[in-house]
Amino acid sequence: MRKKTKLIHGGISTDKETGAVSIPIYHSSTYKQEEPGEPKEYEYARTGNPTRFAVEELIKDLEEGERGFAFSSGMAAITSVVLLFQKGDHFLLSDDVYGGSFRVITKVLSRFGIEATFIDTSKVKNIEPAIKKNTKAIFIETPTNPLLKITNIKEAAAIAKRYNLLTIVDNTFSTPYWQNPIKLGADIVLHSATKYLGGHSDVVAGLAVVNNKKLGDDLHFVQNSTGAILSPHDSWLLMRGIKTLGIRMEEHEQNAREIVDFLVQHSEVKNVYYPGLSSHPNHSLAVNQARGFGGMISFEVETEEKARELVKKTKYFTLAESLGAVESLISIPALMTHASIPKERREQLGITDGLIRISVGLEDKDDLIDDLKEALSFQ
Ligand SMILES: *Cc1c(COP(=O)(O)O)cnc(C)c1O
């Protein structure tokens, strides 16, 4: 099955009881048992629910893994995966992982003895020297936010295998439509499905896919024990979103490429960060590892004042956090998503006060370009 077909016919595409083509929303919290202690397929809805199972089967097929899981948010998925580990275990993470991942590891899970080191995984040579005796996993995000750095998943996973570490990849920015980390050697793939997979800014959800039965059993044990499940209604909304992921990603990409072409030649724009640009430091890796570059672009204007003026003036780019939906969004990472990182550290990473991030939506590209053109003509 090719990608676009799998989005629609993957997983469980019709309800086996009724033949319904849209999977019904099973709200029941519990299920009748024929004999005490002998449930049929389902018993209690935290443990399993048919609507949630349908979206879990779908993401499993899309990521080509062994088992899928749907969580109440991306952070719930990430936290549950870290709960597979023990007190005293050490993680290596990409240094510009999503702020929430940084926060949960360093401020919450650290209290339970999880240790972490943050390194620039886009330079794979940094990985091996950072591995410690108690290192158990490497957690990669690629492309990263907001600078769209790319890590070589295949090489990172190969190093991890040699040291018996699990490779975990946050695939939120690329989605399974463009990139399949498990095929490149990853053990666990994570998604904030709130972003492209949902795609309509109307559901908060997280997904995880594992590549073997043991990890599947272990993650189900954690999920059933801690309870961070996706509701039946949100599972259905997410499935509806995923059906159009292919055409959406193609359009996001087309629009993004046109906008990048516009930005690179604009005199007020300093750097443009987009993996599809041949000047991007990891461009050839991006071409090899993924089938598309996505709809996220970051670019720099001279000063924070100019950045503030720009985001106030756009009409179609809404000033908001989040990404990956039909409507275009704009943000200033230094003042919003990355404000909690000290300024000095931000400057080191390249997240300057004039850096602007856009999530290119599905509006007409000419309207989007006109909007940016207007906003870039500073007072
Ligand atoms: C948004 C995001 C998350 C967190 O997901 P939520 O659904 O907001 O909990 C994790 N990773 C990345 C890359 C994200 O963009």
Side-chain angles (χ1 to χ4, degrees), residues 52 55 59 63 68-83 91 93-109 116 118 121-122 139-151 153 168-179 181 186 188-209 223 226-231 234-235 237-238 241-242 245 249 252 273 275 290 293-298 320-325 329-331 333 336-341 349 351 357-361:
R52 191 173 92 226
V55 76
I59 193 64
E63 288 290 10
F69 295 89
F71 295 89
S72 49
S73 68
M75 287 322 304
I78 291 167
T79 304
S80 301
V81 163
V82 179
L83 292 177
F91 271 68
L93 296 101
S94 301
D95 58 4
D96 48 357
V97 282
Y98 177 72
S101 308
F102 179 83
R103 180 174 58 196
V104 77
I105 295 256
T106 59
K107 302 255 161 65
V108 180
L109 296 163
F118 295 84
T121 55
S122 74
F139 186 116
I140 297 164
E141 193 176 309
T142 182
T144 59
N145 172 27
L147 295 174
L148 302 153
K149 289 200 292 191
I150 312 277
T151 292
I153 298 172
I168 303 165
V169 178
D170 184 331
N171 201 25
T172 299
F173 271 41
S174 284
T175 82
Y177 189 71
W178 291 138
Q179 174 170 282
I188 303 177
V189 179
L190 290 163
H191 286 282
S192 170
T194 313
K195 316 293 169 55
Y196 285 109
L197 293 172
H200 296 76
S201 307
D202 55 10
V203 60
V204 172
L207 295 170
V209 178
Q223 189 186 39
T226 58
I229 50 164
L230 192 63
S231 78
D234 287 346
S235 298
L237 270 176
L238 180 53
I242 290 174
L245 181 69
M249 291 313 282
H252 283 301
Y273 299 90
F293 306 111
M296 299 302 296
I297 305 167
S298 291
E321 295 185 1
S322 198
L323 60 108
L329 301 178
I330 192 163
S331 66
M336 299 165 68
T337 45
H338 293 65
S340 62
I341 302 173
L349 291 169
I351 306 170
R357 186 190 83 174
I358 56 179
S359 171
V360 178

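In this chain, residues are counted from 1 in sequence order. Counting convention: from 1, in listed order, for ligands and their atoms alike.
Looking at ligand 1, you'll find an N or O of G74 within less than 3.5 Å of one of its N or O atoms. Of the polar atoms of M75, at least one N or O is found under 3.5 Å from an N or O of ligand 1, judged by distance alone. For a threshold of 3.5 Å applied to N or O pairs, the pair formed by E141 and ligand 1 contains no separation below that value. For ligand 1, one of its N or O atoms has an N or O atom of K195 under 3.5 Å away.
Not a single heavy atom of N145 sits under 4.0 Å from any atom of ligand 1.
Nearest protein heavy-atom neighbour of atom 5 (O) of ligand 1: S192 OG, 2.9 Å. Protein heavy atom closest to atom 10 (C) of ligand 1, with residue, atom name and distance, is Y98 CD2, 3.4 Å. With hydrogens left out, the protein atom closest to atom 7 (O) of ligand 1 is T194 OG1, 2.6 Å, a heavy atom.
By the criterion of a heavy-atom distance under 4.0 Å, the backbone of A205, and not its side chain, is placed next to ligand 1.
Between E141 and T121 there is no side-chain heavy-atom pair separated by less than 4.5 Å. Residues F293 and L148 form no side-chain contact, since every pair of their non-hydrogen atoms from C-beta on lies 4.5 Å or further apart.
A side-chain donor-acceptor contact under 3.5 Å links S298 to the backbone of P146. Side-chain atoms of S73 never come within 3.5 Å of backbone atoms of V204 as a donor-acceptor pair (strictly under, hydrogens ignored). Side chain of S331 to main chain of A320: no donor-acceptor pair is present (N/O by atom type, distance under 3.5 Å, no hydrogens or angles). Judged purely by atom type and a 3.5 angstrom limit, E63 has no side-chain atom pairing as donor or acceptor with the backbone of A208.
Close contacts of ligand 1 with D170, meaning ligand atoms under 4.0 Å from a residue heavy atom, involve 10 (C), 11 (N), 12 (C), 13 (C).
Under the 30°/60° scheme for interplanar angles, the aromatic rings of F118 and F102 are found to be tilted.
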